[in-house]
Amino acid sequence: MSDHHDGIEEHDNHLPNWWLVTLFGSIVFSFAYWTYYETLGVGAAQAQELAGEEAALRALREKSAPPISDESLLALSKDQKVVASGETIFKTNCVACHGMRAEGSVGPNLTDAYWLHGGKPMQIHGVITKGVTEKGMLAWGNVLGDAKVRDVTAFVLSLKGTNVQGKPPQGEKDP
Amino acid sequence: MKQIEITYDDRISRQFIAASIIFGLVGMLVGVLAAAQLSFFQANLGTSFLSFGRIRPLHTNAVIFAFVGNMIFAGIYYSTQRLLKARMASDLLSQFHFWGWQAIILAAAITLPLGITQGKEYAELEWPIDLAIAIVWVAFAVNFFWTLARRREKQLYVAIWFYIATILTVALLHIVNNLSLPTSMTHSFPVFAGVQGALVQWWYGHNAVAFFLTTPVLGIMYYFLPKAAERPVYSYRLSLVHFWSLIFIYIWAGPHHLLYTALPDWAQSLGMLFSLMLWAPSWGGMLNGLLTLKGSWGKLRTDPVLKFFAAGVTFYGMATFEGPLLSIKSVNALAHYTDWIIGHVHAGALGWNGFMAAAMFYWMVPKLYGTKLYSRALADMHFWLGTFGIILYVVAMWVSGVTQGLMLKAVTASGALQYPSFLETLEAVKPFYMMRLIGGSFYVIGFVLMIYNLWKTVKSGAPVEARLTVTEPEAVAHVPAGRLVFSKPIAIIFVMLGLLLGFATRNHGHWVVYLVALAITCVVAYAWSPREGDYSWHRMLEGKAFLFSAFTLLAVLIGGIVEFVPALALKQAVPTENAQRPYSALELAGRNIYVREGCYTCHSQMVRSLVGDTARYGEASKPEEFIYDMPYQWGSKRTGPDLHRLGGRYPDLWHYQHMLDPRATSPGSNMPSYAFLKDAVLDTNALATNVRTMQALGVPYPAKAVLEAEAQARTDGERIAAGLKAQGADVAANSELTALIAYLQSLSSKEKANVSSGISRAE
């Protein structure tokens, strides 16, 4: 037994080759990466990369967005399948503020004839897409995507005239 | 030749072991409680003291500083004395270290549940406690280096190298990261804001893992593992290479906690690359451990100590492979802010730290009490329960992290978020929260078995005074320090570093020249490098404790300096005035409540530059949006959604209802209720002090802001309360809830922009 290191002995084996490969490999890779992204700036910077991804997402949305109008939305609001899909979306995303039966709580009653931002299908669609953030209505365009916004708009339109007892009317009466 | 008898001070190790075990149990139980709260929000028993945001810091601090801290001290005191053939220089300092450290832990256990916190992870303790930590640590350092000076064994063994690195670096990290300006005995603002704050914090946070949870435990491995296995260490050469590469590289890797954030790209690249380069040095430690055990596989089956060592070192290898993997930007984009990271740290904490501690205790306690382990069968059971618990825990977190990460960024064919509601993703991972709770509980049960086993062992023996008779060493030829400093290795290292810096400076046309010169230096260095068995330079260095320490300090300083200096210079580059307005007095008070309640333990405030983040939360966060954030609150885990673009997203009434009962607005949420804030009265006396302190830290408040702070806050509070009242919600203008709502509504760059210097909220 050695007198040194409290009796602990040390061999002096070679460094395993595969270990050396990982060590030097990662160093060489780091040089290459730095040169590519930082020194030469060939690789896209983070902001550029994000801009590219966002543009791709926008393109996807535009491509899949069917053209809509007051008439097409109104027609959809009579389509049971679309309205059912809209109702599901409403139940997950909107009831927190508009109530289980759209009778209003934080947000206005959506079943009466009064509208803060107009009762035309495209106006309602616009509020849902862009929101009224300063008043607490979220912009859903980004979150839900065009198809779901369209469906939930159809659902809201289908509620017209149901006049559920709830939050008192706000805004102008829809002619 | 003179014979002398040394009596080792083992009492101090016995004390630290007891403390480690007791606080370890407490820390783990608090962890189980925190885990339970994520499945059952009611588990905080409705009291603010046990609220998730307050006890998660208690859990992390207890496990890191109380459990592992006391464990490494026990191991360091035990092995250092034997490796240096010297009793600790001062029993008084040892005892001061022990009792001081326990007092600090006690202070932490009291202040954290009270919400007294700096709001920075693993650096939550407030400034008076930080000061105490610094003093106790210095006492420990003095005692250690004094003992080094009085050693009777000239050559420093590798375990001692790791201890030196630990003591010096932890002191450095702790002091720099806790620089702050107090506003009272229980509150302070850090001097670094926003991006700088984040960089300093993760330089600290990451290296707390490195130099508190890793290097000292590696030192302990190098002493206790060969002792227990009765085998020689596999390779001296490997220990040398992995020691220096580990401590040099580790310090740079902090920014891997900040990938895709508002931190500049170059710093992120450094963080990622140094993490990749860290893989081999870390595995060097694992290899030296495992290959030392090679040849005693037979004993491994019967000896619980070796079993724990083998598994601990293996978990270390697993965690240090996963770490570099998680630092790769594309992997990080998915994993960051999810449970995967929680799984990763627990592979390290439970597997590496917990099992290394168990191995050391099972080996040491019988020796310290001159007896044999009470029951091998119980230790075996501990081992299997622990292993099973870790696997359950880690797998649950992997699955949960990957699932939620994928769900949060999933888009449909039409380009919309597939799971727009955050709650849907939470719902999906809830089963794994249960699984983690069960896994963690198994681990604790194993730990309790260990306590019982060790208790019975202690009872069957009595404290032993360990003695050793040594011959007073003869004076050996003195090597002048100059010969070691002005030497080939040092010259080459400096040339290399200079060339590296030249190469790394971007926009510099000469980078090719630097690269070529570097390559040539490497070849020269290789040609000059010592041949087989000739390590004269390093062997000589091992005989010079203080020079060795100085080189160690230098090695860890370089990375920090290279990353800090440009990042601090960044401050001037950010458009400070006009782009942002400082927080109003009421918002600032609300922010302090946000920090106090530890909302950052569940919420981030950082929309990363990833399309998954921007589609969900809005525009990516920019560095200038955080210049008045002291402390920065980017968070590290999204149990709830990001809040950076929260302002204006919901009406005040929504926040009111949500804070009183999150389930009212968000069915299925596991966010704690903060109803107690409604009845808590805002400390209006602190308003002016807060503004004044911020002013002193360079926030451009108008001169009158301090005087008007209270009145301004009252006006703002009354406006919010009146608005809420109109909607049927009754809350006092000076309620803490009102202040918190004011802060939450200010969380949006849009509103802060274009308001030149007025401090009231833009109407």
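Chain letters run A, B, ... following the sequence lines, proteins first and then strands; every chain starts at 1.
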By a 4.5 Å heavy-atom criterion (distance strictly below it), what part of [X] contacts chain A: side chain, backbone, both, or neither?
X: B:Leu287; result: side chain
X: B:Leu468; result: neither
X: B:Ile160; result: neither
X: B:Pro281; result: both
X: B:Val470; result: neither
X: B:Ser282; result: neither

Donor-acceptor pair between [X] and [Y] side chains, under 3.5 angstrom:
X: A:Asp6; Y: B:Tyr157; result: no
X: B:Thr614; Y: A:Glu54; result: yes
X: A:His4; Y: B:Glu153; result: yes

Handout entry: Residue that, paired with B:Val233, satisfies side chain to side chain contact (heavy atoms under 4.5 Å, CB included) out of A:Asn13, A:Ile8, A:Asp12
Key =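 With B:Val233 as partner, side chain to side chain contact (heavy atoms under 4.5 Å, CB included) holds for just one option, A:Ile8.
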Looking only at heavy atoms and a cut-off of under 4.5 Å, which of [options] has the most pairs with chain A?
options: B:Leu653, B:Leu278, B:Leu270; answer: B:Leu270
options: B:Leu610, B:Val411, B:Asp265, B:Thr665; answer: B:Asp265
options: B:Trp279, B:Tyr260, B:Tyr222; answer: B:Tyr260
options: B:Leu291, B:Leu238, B:Leu84; answer: B:Leu238

Practice task
Kindly assign one of parallel, tilted or perpendicular to the pair A:Trp18 and B:Trp283, based on the angle between their ring planes and the thresholds 30° and 60°.
Solution key: perpendicular
Handout entry: Closest non-hydrogen atom pair, B:Val611 against A:Leu50
Key = N-CD1, 3.6 Å
Exercise for the section: Looking only at non-hydrogen atoms, find the nearest pair between B:Gln418 and A:Lys148 and report the distance. Expected result: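 Looking at all heavy atoms of both residues, the closest pair is O-NZ, 4.0 Å.
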Problem - chain B contact via A:Leu40 - which portion, at a heavy-atom distance below 4.5 Å - result: side chain
Exercise for the section: For chain B, find its close neighbours in residues 93-101 of chain A: heavy-atom separation under 4.5 Å, sorted by number, or none. Expected result: A:Asn93, A:Ala96, A:Cys97
